[in-house]
Amino acid sequence: MVLFRSLVKRASDTTGSRHAAPWHYARHHSTGKSNFVRIVEVGPRDGLQNESRPIPPPIKAELINRLGQAGLRNIEAGSFVSPKWVPQLAGTAEVLSLIDPIPNTHLSVLVPNSKGLDEVFRVLSASVSPDSAAKPPPPVTEVAIFTAATDAFSRANTNVSVSESLTRLEPVARAALAKGLRVRGYVSVIVTCPYSGRVDPRRVRDVSRELIQMGCYEVSLGDTTGTGTPASVRTVLEEVCKEIDPSRLAGHFHDTNGTALANIFTALDLGLRSFDASVGGLGGCPYSPGATGNVATEDVVYALAGESFYGDIGEPPKWDFGPISLPLLAETGAWISETLGRENTSRAGRAYLARKRREQQLAEKAQTRAKL
Ligand SMILES: CC(C)(COP(=O)([O-])OP(=O)([O-])OC[C@H]1O[C@@H](n2cnc3c(N)ncnc32)[C@H](O)[C@@H]1OP(=O)([O-])[O-])[C@@H](O)C(=O)NCCC(=O)NCCSC(=O)C[C@@](C)(O)CC(=O)[O-]
């Protein structure tokens with residue numbers, strides 16, 4: 001109970017209200033639009049759920065610790081879903097018990113139903129029981145609930161139709177909010193469904209509205225297959241923004257066809273300021289065959305840092321990410337890719353490390369010459 005009170009306080013410290021967006025926008029003086037871009041790191045969850053080999057909890061915990069050290073302030077740490085459906089994410093409770101405290105950071109976990117939420121409560125309560133008084137609670141402040149824009153995908157992913165999934169999620173959201181947790185919603189397959197093809201943007205709008213009405217502070221719109229282009233993403237977002245303010249929406253773009261960054265810029269143009277990304281471009285969804293990982297966090301940071309998005313109106317604003325360090329992110333992307341034996345798909349991360357190696361070689365040559 002003590003923990004839940006402190007969670008309510010922590011949430012309201014930053015939100016002012018449980019349902020409001022939990023960060024403050026710095027407004028650009030001429031356009032009134034914000035320059036602050038929130039990055040939600042989904043590598044430890046979306047990234048790792050698609051790996052073929054089991055990943056030991058200490059590796060997952062180290063990934064989260066490194067991401068925290070790199071300055072990420074919103075990290076999706078894992079999920080409490082059925083291990084029969086996604087065996088890779090079994091062990092999230094152990095992962096949470098192994099991570100270091102990360103100040104000012106929101107950790108979230110994905111839950112599909114009440115059973116998953118009960119597991120979150122159990123983990124949080126266990127760590128404040130008198131028996132474990134010495135152990136601080138894992139800093140989970142948020143749960144993510146998820147559904148889809150098509151029945152076919154929803155059934156493949158969670159065994160129920162969209163409307164059944166919304167019915168199942170409503171009490172989950174209510175219970176999480178009652179305990180002071182923030183709730184974020186996902187809508188998958190906003191552009192194309194791998195089972196039923198092209199998606200009607202009005203479906204995306206309607207499902208997003210339902211999630212907002214349940215109390216989600218933000219809905220993350222997932223181009224799960226990574227087939228979206230700036231044109232198709234614009235069509236969907238324009239439809240959703242008819243009913244939902246862009247400050248309550250996030251973009252979640254898989255990079256299957258190399259369009260994720262272009263889609264992010266399209267979304268920025270429409271007023272979205274929150275994006276999911278995955279260090280090293282990890283991941284994919286087990287129920288979206290052929291789709292690759294999310295856009296790499298390093299690439300998003302590189303592409304937006306210093307970008308004068310509002311062109312020549314007065315002093316060009318710089319995108320602000322808070323404390324995120326590209327060098328530390330690049331090291332983390334390289335480390336996790338090597339650890340998993342997979343390709344690091346972050347172009348910006350690889351370019352940074354190659355430049356660093358070249359600089360080191362030049363410095364070594366200079367030292368050798370100086371000694372001669
Ligand atoms: C929703 C269910 C559980 C329905 O699965 P089901 O088989 O219909 O449900 P069930 O209630 O019959 O449960 C089956 C078994 O799982 C257990 N179970 C049931 N719930 C839980 C739980 N929470 N935690 C642990 N165990 C659970 C339950 O106890 C039972 O065990 P048994 O009695 O057979 O031994 C299942 O379909 C499921 O877990 N699906 C999750 C799939 C998933 O995680 N997909 C990836 C995440 S979504 C995503 O990646 C997209 C996103 C968000 O990134 C955005 C984008 O890119 O689009």
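What you see is a predicted model; the values in this text were computed from it and never measured. Counting starts at 1 for both ligands and their atoms, in listed order.
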Atom 8 (O) of ligand 1: nearest protein contact (heavy atom, Å): N159 ND2, 2.7 Å
Flag: protein heavy atom within less than 4.0 Å of atom 46 (C) of ligand 1: yes
Any N/O pair V81/ligand 1 closer than 3.5 Å: yes
P83 touching ligand 1 at heavy-atom level, < 4.0 angstrom: yes
Trace of the salt bridge (Lys or Arg N to Asp or Glu O under 4.0 Å) decision for R66 with E62: CA-CA 6 Å; R66 284 178 181 243; E62 184 172 349; 3.0 Å; yes
Y186, F153, W85, F253: member with heavy atom nearest to atom 7 (O) of ligand 1: W85
Option whose closest heavy atom lies nearest to atom 27 (C) of ligand 1, chosen from R168, E119, Q49, K115: K115
Ion pair D206/R203, N-O distance below 4.0 Å: no
Selected option - heavy-atom contact closest to atom 40 (N) of ligand 1, from N157, T158, D118, T147: N157
L304 with L67, same ILVMFWY side-chain cluster at under 4.5 Å: yes
Protein contact to atom 14 (C) of ligand 1 [nearest heavy atom, distance to 0.1 Å]: S82 OG, 4.5 Å
Atom 11 (O) of ligand 1 touched by protein heavy atom at under 4.0 Å: no
Salt bridge D276-R45, side-chain N to carboxylate O under 4.0 Å: no
NZ/NE/NH1/NH2 to OD/OE distance under 4.0 Å, K356 and E331: yes
Ring geometry between Y287 and W85 (parallel below 30°, tilted from 30 to 60°, perpendicular above 60°): tilted
Atom indices of ligand 1 within 4.0 angstrom of L110 heavy atoms, with elements: 47 (C)
Closest approach of any protein heavy atom to atom 43 (C) of ligand 1, naming residue and atom: V86 CG2, 3.4 Å
Subset of ligand 1 atoms that lie under 4.0 Å from at least one heavy atom of H254: 57 (O)
Same apolar cluster: L329 and Y352, side chain cutoff 4.5 Å: no
Atoms of ligand 1 close to F80 [distance to a heavy atom under 4.0 angstrom, numbered from 1]: 22 (C), 23 (N), 24 (N)
Joint cluster assignment, I102 & L328, ILVMFWY side-chain distance < 4.5 Å: no
P112: numbered ligand 1 atoms lying under 4.0 Å from its heavy atoms: 1 (C), 23 (N)
V187 near ligand 1 by a heavy-atom separation under 4.0 Å: no
Minimum non-hydrogen distance to atom 55 (C) of ligand 1, winning option of G222, G293, S188, G283: S188
Any donor-acceptor pair under 3.5 Å from H254 side chain to T292 backbone: yes
D46: numbered ligand 1 atoms lying under 4.0 Å from its heavy atoms: 54 (O)
Where ligand 1 meets G116 - atom numbers and elements under 4.0 angstrom, heavy-atom basis: 23 (N)
N or O contact, Y287 vs ligand 1, cut-off under 3.5 Å: no
Selection from R45, K84, R184 by shortest heavy-atom distance to atom 54 (O) of ligand 1: R45
Is_contact(atom 37 (O) of ligand 1), protein non-hydrogen, under 4.0 Å: yes
Residues forming a side-chain hydrogen bond (donor to acceptor under 3.5 Å, both in side chains) with S288, sequence neighbours excluded: none
Any non-hydrogen protein atom less than 4.0 Å away from atom 30 (C) of ligand 1: no
Among T225, V172, N113, closest by any non-hydrogen atom to atom 23 (N) of ligand 1: N113
SB check R122 E119 (cutoff 4.0 Å): yes
V111 and I145, any side-chain heavy atoms less than 4.5 Å apart: yes
Positive for side chain to side chain donor-acceptor pair (under 3.5 Å) with E142, one of R182, R184, H106: R182
N-O pairing of E238 and K242 below 4.0 Å: no
